[in-house]
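One structure is given here, and the rest of the page talks about it.
Since we're looking at a predicted model, the values are computed, not measured. If you read the sequence from its start, that first residue is 1, and numbering goes on from there.
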Amino acid sequence: MCGIIGYIGNRQVSNVLINGLKRLEYRGYDSAGLCILENGNLEILKKAGKVYELEKLINHQQYTSTIGIAHTRWATHGEPNDINAHPHTDCNSKIAIVHNGIIENYFSIKKQLQAKGFTFKSETDTEVLAVLIGAIYEKCQNLEIAVRTALSEVTGTFGLLVLSSYEPDKIIAARRGSPLVLGISKNEFIISSDATAIIQYTSQVVYLSDNEIAIVTNNQFTTKTMNNQETKSIIHKLDLNLEQLEKNGFEHFMLKEIYEQPNTLNDAFRGRLLVDEGTIKLGGLRSVYDKFRNVRRLILTACGTSWHSALVGEYLIEHLAQIPVEVEYASEFRYRNPIIYPDDIVIAISQSGETADTLAAVNEAKNKGATVLGIVNVVGSSIARATDAGIYIHAGPEIGVASTKAFTSQLAVLTMLAIMLGRMRNLSAIEAKKIINELANIPDKLKKILENAEHIKAIAKKYCKSSNFLYLGRGYNFPVALEGALKLKEISYIHAEGYPAAEMKHGPIALIDENMPVVFIATQDEIYEKILSNIEEVRARKGKVIAIATEEDEVIKNYANELIYIPKTLPMLTPILAVVPLQLMAYYISVELGCNVDQPRNLAKSVTVE
Ligand code: M6R
């Protein structure tokens, strides 16, 4: 969580920082702040609330500075108020830092510093680090040494930027566990938590590695280990453009991203569907083909929406490739000493590639000797770089906190992976061709669902005042039910539960009365009759049924209060289509209730803390 940005160059820095914070705001929006070096002194402005509040503070100031650091916060330690907002400073207000991550041993360090007479203004772990750096600086009088020494004493994670009036010509950046990207342009550098704040200035970037520190001045940068050994930096070119970061006429990023799905699916398929050969080409996995031939078990690990796509992946891979699959919450996997065999393959799924729990699960699996792969959206992200090989989903930047296009692209990639694995085993070319052909039709079918948005909006209006929702599905549609419920609760704050439809009678059925909308994903597959029985059970208790059904299904009309048709497809591909009405319904309910769709309360896009 949290977004940080630093700039050193020849532009008026407050504008650069504010623009950068706006790009990073999706990472956290509890407070925002900046520190610039104006006439040799540190000027700090910070404010609870969105970047907009900070911008209002700056508007009447005439700054000339060309060096500064800034932060947008997702609160961990201390409530989101002005005092806890970053930047934080040492006791002399000569050293300022912005920090993404958590200093785990902050409490004991704080006690030691307090015993020596140092005082604190905020409740944050970050201020402890600032004061520690200041305390060390008093002895060594060298900012870089002070930063490196302080970082050797802390445990936890950090993406950190340091600015000081003692050494006003530089910004020091350091990374452990939280991402940092250094943008390189002529006589200017931008350092940020992610590339979205950099692309406006340059497409040349260096990704800092864990335990790396960068010393950046006006015309050069040096990277080192924390032990002062110089490291070699590889310059990468960003595959990103500004237009991808704009709303382009849509009211919200979430809506734009929902509507992008026909294109993002085509991007995920591009060059990978070998229809004539009845197979799939996933270039990123070439180096591990042999491992796949001998794999005994796959473990899919992820969080949130990505975990839901892992569940669909389990069904797909077991169905098409007959390889046992386990799906693990990354946050549980990392702490329960999982049994991993050398011929297991662990696949981490993550949109951002920065989720702390998923990254830790990757490291845990690597330590235990597994081959670890990634299914990731953000190119060059920590998970993409930490894994042995992987598949990019190519969905482009996803800015809305609620994941939409990343989910459908993850499903597309998992389907392709399952087909590829199936073809290495018993899946016939004829069967594979049938699935691949249908996969290629999915983007056009998804377009048809989007054309029905007004109907979904009307349903959203009708039910938006409900306090609870149930989402039920079976088989491939069970994870879709979970995802539909997650979408609704995160952006509308309405309580929603996803359940396997048949499990309803083991408990949740007690919740059903005339005020409970129940969303059934009731598409025509081999268990269609069973789900009709589950619908009957809800109707018998006066629940209101909203059914996602297969087009031309006349029978369902007798069962549902509201009906949303989706085009017919193979049951295994249904989740890619069935989730779209649920995304739209959640979106319209959120808008109807006046919620902040793209930046829902308490959430952030990348969860880079445990
Ligand atoms: O970037 P990741 O896919 O690793 O993120 C995982 C979850 O934090 C994420 O899917 C979250 O649940 C979304 N807000 C869901 O819309």
Near [X] [atom1], under 6.0 Å, is it more than 12 heavy atoms from other residues, nucleotides or ligands?
| X | atom1 | answer |
| --- | --- | --- |
| L242 | CG | yes |
| D239 | CG | no |
| K291 | NZ | no |

Does a side-chain N-to-carboxylate-O contact under 4.0 Å join [X] and [Y]?
| X | Y | result |
| --- | --- | --- |
| E144 | K224 | yes |
| D344 | K368 | no |
| E167 | K170 | yes |
| K22 | E55 | yes |
| R601 | E490 | no |
| K46 | D82 | no |
| R334 | E364 | no |

Applying side-chain contact (heavy atoms from CB on, under 4.5 Å), can you list everything that pairs with D30, at least two apart in sequence or on another chain? W74, A75, P80
Test ring pair (Phe, Tyr, Trp, His ring centres under 6.0 Å) on F407 and H308; report intermediate values, then the result. CA-CA 8 Å; F407 180 68; H308 297 155; 7.0 Å; no
Work out which heavy atom in [X] is nearest to a heavy atom in [Y]; give both atom names and the distance.
| X | Y | result |
| --- | --- | --- |
| I95 | L143 | CD1-CD1, 4.1 Å |
| L411 | S309 | CD2-CB, 3.6 Å |
| I67 | D169 | CD1-C, 4.3 Å |
| L245 | I199 | CD1-CG2, 3.6 Å |
| L298 | F292 | CD2-CE2, 4.0 Å |
| A330 | C303 | CB-SG, 3.9 Å |

All side chain to side chain donor-acceptor pair (under 3.5 Å) counterparts of N377, not counting sequence neighbours: Q351
Say whether [X] and [Y], considering side chains only, have a donor N or O and an acceptor N or O under 3.5 Å apart.
| X | Y | result |
| --- | --- | --- |
| S233 | T223 | yes |
| E188 | Y201 | no |
| T225 | N227 | no |
| Q410 | S306 | yes |
| Q12 | T66 | no |
| R27 | S352 | no |
| T64 | Q62 | no |
| S381 | E354 | no |
| S403 | E398 | yes |
| Y29 | D598 | no |
| T124 | S122 | yes |

Among residues two or more places apart or on two chains, list those pairs meeting ring-ring contact (aromatic ring centres under 6.0 Å, His included) that have a residue in residues 150-186. Y137-Y166
Mind checking whether H88 and H86 have parallel, tilted or perpendicular rings, split at 30° and 60°? perpendicular
Would you please classify the geometry between the Y259 ring and the F250 ring as parallel, tilted or perpendicular, with 30° and 60° separating the classes? tilted
For residues H77 and Y106, establish whether the separation of their ring centroids is below 6.0 Å. yes
Reference residue S209; test side chain to side chain contact (heavy atoms under 4.5 Å, CB included); the match among R176, R175, R385: R385
Is E127 reaching over with its side chain to a backbone N or O of K121, donor-acceptor style, under 3.5 angstrom? yes
Without swapping roles, check the side chain of N596 against the backbone of P600 for a donor-acceptor pair under 3.5 Å. no
